[in-house]
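Below are the structure tokens for one structure; questions will follow.
Hydrogens, waters and symmetry mates are skipped; everything else that's a heavy atom, side chains included, is used. Predicted model only: the values in this text are computed from it and were never measured. Each ligand, and each atom within it, is numbered from 1 in the order the structure gives.
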Amino acid sequence: MAEHIDKVLCDEYIDKRVTVRGWIYRKRRMGKLIFVVLRDATNIIQAVVEERKIGEEKFKLLDKTGVESSLILTGKVRKEQRAPTGYEIDVDSVEIIGTSYNFPITKDKSDDFLLDNRHLWVRSREMNAILKIRDTVFGAIHEYFRENGYCESHGPMFVTGAVEGGSTLFEVPYFGKKAYLTQSSQFYLETLIFSLEKVYTIAPSFRAEKSRTRRHLTEYWHAEAEAAWYHNEDMMRDEEELIVYMIQRLIEERKRELQILNRDIDFLKSIEKPFKRMKYEELIRFAQSKGIDIKYGDDLGADEETAITKHFDGPVFVTHYPIEIKPFYHRPDPENPRVVLCHDLLAPEGYGEIIGGGERIYKLEVLLRRMEEEGLNPEDYYWYVDLRRYGSVPHAGFGLGVERFIWWLAGLSHIKYAIPYPRTIRRTRP
Ligand code: 4AD
Ligand code: MG
């Protein structure tokens, strides 16, 4: 009997007869030999198939069928320096399960072609590595929050109001009325802290972003938290712990995948808490000193974020933004009400914002005044306003764009590689 292997082959298997199942990654015929590199979820493995061992007929079929055919191979494992992983299977039995001819993805295909064929491209080694990193990231977020007293809960995806301003709302018909796809679960998490105190969610958020940048998706996964009795600084402390925890977990669990993506692991190891903190006004001065064209009061666009964060050697919290460039719910700083008690976390190396968060207004009259200033109708937000009527407490929260984090952490060139099926201004398929 051969042992079925679904782990990465190692020394332990030398001279053992094993069975592996997978897909042809590469194949090369040399006379009466076929070299197959088979891939499965774990890795790739080279196998040598000799005609005399499997018979002429099977050999011909294997020779004909192409890349991405599914096979079950059985044979003895040996060390082989020239094989891509240092091991090779000397095959004595082949089962062809699903043939594949003319697999459309070949080398030097355009980016658009790969996106149209994302359903097949997810099989690539790069995407496999990214998807595993993504798996660890989602797991780590849950672990961190659960170990730190946060309770998981959920807001709805169909909503009736904006959180982050009206310009990026997706409107959907809703039984003769209008609804929107949510931009953030924040307001619902705020309601839930009055029951659970510390809550988090991982859910999709939707932004009708007209911008075509390396960092915008129209649908992304949003890890959000909200905590009663927290101030701005308390929240930032949890966030830097979460970021460092995720990086640690990735280095433990996904070193091989990070290497496949050529990520500098020593750089990731160098990231320590506490992160640097900078007020918005300091950031503007810093940017100006680097020759970046920006002035006090400007919001940071994608280009500015890239230019500024190229000069950072780790993530940086930027706090105290001018009140005009942040949404109405941020708490004005009692010491200088022209700025709000908020923070963005900017990733280094040209990546930019991965978290937005801050302290919320908890006094009824302040919230009503800010809504009036922003031209919002309190009726539309009656339930949000109610929270300030019945036992309000100071509280803070944040939202981490999970793909933004993966994009930076894995050192990807575009955010669309950080999610299996990216949705952008131009793409809703596959
Ligand atoms: O800064 P944002 O808009 O803040 C909020 O939505 C708050 N309500 C979050 C909260 O406090 N609970 O979005 C938060 C994060 C950004 O920092 C970014 O990482 C990500 O969400 N994000 C996007 N990611 C991908 N594509 C987009 N179009 C994104 N827009 C925001
Ligand atoms: Mg933001």
Handout entry: Ring center gap for Y200 and H142 short of 6.0 angstrom
Key = yes

Practice task
Determine the sole option in H343, E282, E233 for which the side-chain hydrogen bond (donor to acceptor under 3.5 Å, both in side chains) test with R277 is passed.
Solution key: E233

Practice task
Under 4.0 Å, heavy atoms only, figure out whether ligand 1 is touched by the backbone of E164, its side chain, both or neither.
Solution key: side chain

Practice task
Give the atoms of ligand 1, by number and element, whose distance to some non-hydrogen atom of G401 is under 4.0 Å.
Solution key: 15 (C), 19 (O), 20 (C), 21 (O)

Handout entry: Identity and distance of the protein heavy atom lying nearest atom 1 (O) of ligand 1
Key = E353 OE2, 3.0 Å

Exercise for the section: Report yes if the distance between the aromatic ring centroids of Y13 and Y87 is under 6.0 Å, otherwise no. Expected result: no

Problem - Atoms in ligand 1 with a heavy atom of R215 nearer than 4.0 Å - result: 25 (C), 26 (N)

Handout entry: Heavy-atom nearest neighbour in the protein, as seen from atom 29 (C) of ligand 1, with distance rounded to 0.1 Å
Key = Y220 CE2, 3.4 Å

Practice task
Report the part of W221 in contact with ligand 1, treating N, CA, C, O as backbone and CB onward as side chain, heavy atoms under 4.0 Å; options are side chain, backbone, both, neither.
Solution key: neither

Fill in the blank from the handout: ligand 1 to R360, heavy atom cutoff 4.0 Å, flagged ligand atoms 10 (C), 11 (O), 12 (N)

Handout entry: Side-chain H-bond candidate by donor/acceptor type, E281 with H320, under 3.5 Å
Key = no

Problem - For atom 28 (N) of ligand 1, the protein heavy atom that lies nearest, with its residue and separation - result: L217 O, 2.8 Å

Handout entry: Where ligand 1 meets I355 - atom numbers and elements under 4.0 angstrom, heavy-atom basis
Key = 17 (O)

Practice task
Considering just N/O/S atoms, say which atom of E353 is closest to the Mg ion (ligand 2).
Solution key: OE2

Exercise for the section: Kindly confirm whether the Mg ion (ligand 2) is within less than 2.8 Å of some N/O/S atom in D344? Expected result: no

Practice task
Report yes if the side chains of D116 and K109 come closer than 4.5 Å at any heavy-atom pair, otherwise no.
Solution key: no

Exercise for the section: Going by heavy-atom distance to atom 6 (O) of ligand 1, choose the closest among Q186, E226, R207, Q183. Expected result: R207

Problem - E164-Y329 side chain donor-acceptor pair, cut-off 3.5 Å - result: yes

Completion exercise
Checking heavy atoms under 4.0 Å, the part of M235 that sits near ligand 1 is neither

Practice task
Could you tell me the residue and atom name of the protein heavy atom closest to atom 12 (N) of ligand 1, and the distance to it rounded to 0.1 Å?
Solution key: E224 OE2, 2.7 Å

